[in-house]
Amino acid sequence: MNTPAAPHAPSQPAIRPLPINELIAVGALLALAAWALITWSGRGGESVALGPLDPARWFPGRGLTLADLPLVVMLVAGGVPLVWDLLRKLCAGTFGSDLLAGLSIITSILLGEYLAGVLVVLMLSGGEALESRAISRAGDVLNALARRMPTLAHRKTAAGLADIMLSEVAVGDLVVVLPHEICPVDGTVVSGRGSMDESYLTGEPYRMAKAPGSAALSGAINGQAALEIRTDRVAGDSRYAKIMDVLRSSEEHRPQLRRMADKLGAFYTPLAVAIAAAAWWFSGSATRFLAVLVVATPCPLLIAIPVAIIGAVSLAAKRGIVIRDPAILERLDTCRIAIFDKTGTLTYGEPSLTDVVLLGGLSRADVLSLAASLETYSKHPLSAAVVQSAAKESLRVLEVEALAEKPGQGLVGQVKQLNGDSTVHEVAITSRQKLPNVDAAGVAKLPPVAGGLECVVVVDGKTEALLRFRDSPRADGRPFVSHLKPAHGLSRVMLVSGDRESEVRWLADLVGITEVHAGIQPEGKLKIVEEATAEAPTLFVGDGINDAPALAAATVGIAMGAASDVTSEAAGAVVMDTALERIDELLHIGRRLRSIALQSAVGGMAASVIGMGFAAAGFLSPAMGALLQEAIDVVAVLNALRVSWTPGPLTDYHDRD
C-alpha cells in the first residue's frame, strides 16, 4: 500500500503588487524629501538646463531650478496618470472631490507652482492609498475557497491507496477520507462509521453522523474515523464547486456604491471651479484663479475622511472586530434591512440537551447518568451535549463494560453500580428509526416528532426516555433583535437559513423575527440578498462558507468568527468572539464615523468656501491661501481623529431588555 500524502499541496502566498495610488503616494513623499534636502543644502536655486524640454522655451522666465527637478519628475510620473484617470471619469460622467484636485495639479504646472502641485498629488493619491488595499477582495475570496479544498484524493484500488490529483477522480471511484481531512468529492459512504462537520456548507449546526449509505459533501471536515466514499460527482460538479460559481457570479455583479467624499464633492467641485473662474474673469488675473483653487483643494475630503475611517478601524479592533473593507464603515449607518443566518449568529452553533422525555420507571437523573456514562466513550455528534448536561447536574459517570456500536441498534454497553448496587444494566442509545430493532414495544411510547435532533435511551430492553437536542439560541438574541429597528433605523429584519423550517421558525419565535426563509441554499441566499439590496441597503450576518456569496453581495457583510478564511475574505468585517454585542458596537461605530466625518468634511468645506471668497477678492495670495488651507486641514484632521478615541459603552440594547 502506498502511503497517502497530505491532501493539500503547499503553496507560497502570492505577493500582491502595490496599487498605483500607493506607488504615486510613495513617489510624492520621496520627491518632497529630495526637494527639502536640496533646498537645505543651499543649492536649490541653481538653474538646470533641459534643452528642448526646458519650460523656459514655452514660458519665458520659467526656468527650472535644481530644487524643482524632483518635483517636476513627480508631476510627470505621478500627476499625469492621476489627471488622465480623472479625465476618464469626467468623460464617463462621474466626478467628485478628486476632480478639483486634478484641476489644481494642472494649474500649478501651468503657473510653475510645482511644490503646490506635488502636495496636491500626495493628497489625492494618499487619501485613496489609505483604503485601497482592502476594498477589492473578490480574488482573495475565490483563492481562499480554492486553498481550502484538497488538491489530492486517496483513491482506493486493488493495489491499495494511491494519491491522485482531484481532477482525475471519476464517478464511481472509491476515495478514502482520513481523520480530520476535508472531503474532496460529493459521494456516498460505503465503509466506516464516524461524523463530518458540514455546518460551513449546509447551515446545519451539528456534526453529522456518517455510516454506510450516508451522503458525504465535498468541503465537509471529517471527524476521527476514516471513511471510504464512492464518488457520485466529479470535482467540477460538486456542491463546493457550485458555491464557488455562485460567489464568483455575485462578485462580478456586485453594484458600485458612491463614497461619502464623492457625494459631497459632487456639489463642492462645481462651486469651487465657478468661484475660481469668476475671480479670473472679473480680475483678469490667473493668479487669483490659482489662489482660489489652492484654498479650495478638498483636503477635508481627501484626507480627513480616510483618517476618520482609519480611526474607526482602530476603534473596532479594540473591540475584537476586524475591518477587512473600510468602505463598509461609511455604509453601516445607511443599512435599512438586516438579514441573519441562523447557525452561529443568533445561535451558538452547538447542540445542547433541551428536554428529557421520561417514558419508563427511571428518573431523569438515572437516565442522564446512564446515557452520559456511555456517551463519554462515544464520538457521536450529540455525545458531548449529553455529557455536559450530566456534568451541570453533578451526576456521576458510571463504569462501562462491553461498549459497542452495533449496526441497526446504535450505541450499546453495560453500565454498573447505578444507585450504589452491583447490578449490570444493558443500555442502548439509538434513534427513533432504529428503535424497533432494540425494543419494538417501545415505539408506541414515543411522542410525536418535534423540531431539533433526538435519541432514545433503552435500559434493560425497555424504552426509558427520549432525549431532545437543539442548537442553543444566544441569551441576548431577543433584546438585540428587538432594538435594531428603534435604535438603528432598520425597516426589516430577516432570518435566512439552510436548516429545516421547524428549527428556523422555533428560533425566529424566540428572538422575535417574523420574516423567515428556511431550507435556503447558497444561491437562494444570494437571490434574497440581491432582491433586498435593490430595495434598500442591506446588512448580512453569517458564519459559514455557504454564506460567502450573500456576504459578498450585501451592502455590508459581517462574518461571525474567523473559523473559515473563505467567509472572512467575503465579509467586510469579522467579529472575532462571535458575540451579538460586537455587531451592535460595530453599528454604533459606523454611526460615530459618519457623524464625525461629516463634521470634518462639511465644516472644512464651509471654511474653504469662506477662504475662496477672500482669495477671489484678492485678499489672499496663493501662498497665503495655502497656509489658510493647511490650517483648515489641521482642524479637520484633528476632529477626524476623535473617531478612534474610546467613547465608553458602544452598545445600548441591554438597557432596553
Side-chain angles (χ1 to χ4, degrees), residues 188-189 192-196 204-215 351-390 393 395 398 400-416 418-419 423-471 499-506 518-519:
T188 303
V189 178
R193 294 175 181 274
S195 64
M196 283 188 169
E204 289 277 1
Y206 317 107
R207 293 188 65 88
M208 306 306 295
K210 298 298 177 183
S214 301
S352 62
L353 180 63
T354 57
D355 194 13
V356 178
V357 181
L358 299 177
L359 304 173
L362 294 180
S363 67
R364 172 189 170 91
D366 289 343
V367 168
L368 272 183
S369 182
L370 289 168
S373 299
L374 254 66
E375 296 287 18
T376 299
Y377 302 95
S378 173
K379 299 176 182 178
H380 192 277
L382 300 179
S383 60
V386 177
V387 175
Q388 290 172 5
S389 182
E393 298 184 24
L395 300 177
L398 307 172
V400 177
E401 296 180 347
L403 184 71
E405 188 169 356
K406 299 181 179 180
Q409 294 185 26
L411 186 65
V412 178
Q414 296 178 348
V415 181
K416 299 198 310 182
L418 179 63
N419 295 326
T423 305
V424 176
H425 297 276
E426 292 283 346
V427 181
I429 301 178
T430 187
S431 65
R432 183 185 291 263
Q433 293 75 22
K434 296 177 181 178
L435 182 60
N437 300 328
V438 182
D439 178 22
V443 175
K445 297 181 182 180
L446 296 180
V449 176
L453 298 180
E454 60 184 20
C455 65
V456 183
V457 180
V458 180
V459 181
D460 297 328
K462 296 180 181 180
T463 301
E464 291 290 346
L466 178 74
L467 308 184
R468 285 176 171 159
F469 305 83
R470 285 188 184 273
D471 185 12
D499 209 344
R500 293 163 292 178
E501 183 167 1
S502 60
E503 290 294 284
V504 182
R505 292 282 180 187
W506 171 78

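Computation of the quantities below employed the complete heavy-atom set of this structure, encompassing side-chain atoms and omitting hydrogens, waters and symmetry-equivalent molecules. This one's a predicted model, so the numbers in the text were calculated from it and none came from an experiment.
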Straight-line distance of Ser431 OG to Leu453 CG, nearest 0.5 Å = 11.0 Å
Between Leu467 and Ile429, does a side-chain contact (heavy atoms from CB on, under 4.5 Å) hold up when you go through it step by step?
-> CA-CA 10 Å; Leu467 308 184; Ile429 301 178; 5.8 Å; no
Over all heavy atoms of both residues, which pair between Gly192 and Val189 is shortest? Give the atoms and the distance, please.
-> O-CG1, 3.8 Å
Under the 3.5 angstrom rule, does the side chain of Asp471 hit a backbone N or O of Pro351 as a donor-acceptor pair?
-> no
Got a donor-acceptor contact below 3.5 angstrom from the Glu375 side chain to the Val386 backbone?
-> no
Quick one: NZ on Lys434 to CG on Leu411, what's the gap to the nearest 0.5 Å?
-> 10.0 Å
Compare every heavy atom of Val400 with every heavy atom of Ser373, then report the nearest pair and how far apart it is.
-> O-CG2, 3.4 Å
Once you round to the nearest 0.5 Å, how far does CD of Glu393 lie from CG of Leu353?
-> 8.0 Å
Sidechain-backbone polar pair: Thr376 side chain, Ala372 backbone, donor-acceptor under 3.5 Å = yes
Work out which heavy atom in Glu464 is nearest to a heavy atom in Gly361; give both atom names and the distance.
-> OE1-N, 3.0 Å
Worked check of side-chain contact (heavy atoms from CB on, under 4.5 Å) between Gln414 and Glu426 = CA-CA 5 Å; Gln414 296 178 348; Glu426 292 283 346; 2.8 Å; yes
Find out whether Ser383 and Leu374 are in side-chain contact, i.e. whether some heavy atom of one side chain is under 4.5 Å from a heavy atom of the other.
-> no
Please lay out, stage by stage, how Leu370 and Leu362 fare under the test side-chain contact (heavy atoms from CB on, under 4.5 Å).
-> CA-CA 10 Å; Leu370 289 168; Leu362 294 180; 3.9 Å; yes
Is the closest side-chain heavy-atom distance between Val456 and Val438 below 4.5 Å?
-> no
Tightest non-hydrogen contact, residues Leu395 and Ser369, listed as CD1-N, 4.1 Å
Heavy atoms only: give me the nearest Ala428-Val412 pair and the separation to one decimal.
-> CB-CG2, 4.0 Å
Heavy-atom nearest pair, Val443 first then Pro436, reads CG2-CG, 3.8 Å
May I ask you to decide if Arg468's main-chain N or O and Asp355's side chain share a donor-acceptor pair within less than 3.5 Å?
-> no
How far does NZ of Lys462 sit from CG of Asp439, to the nearest 0.5 angstrom?
-> 9.5 Å
CG-OG1 distance between Leu435 and Thr463, expressed to the nearest 0.5 angstrom | 4.5 Å
Neighbour count >12 (heavy atoms, 6.0 Å) for atom NZ, Lys445 | yes
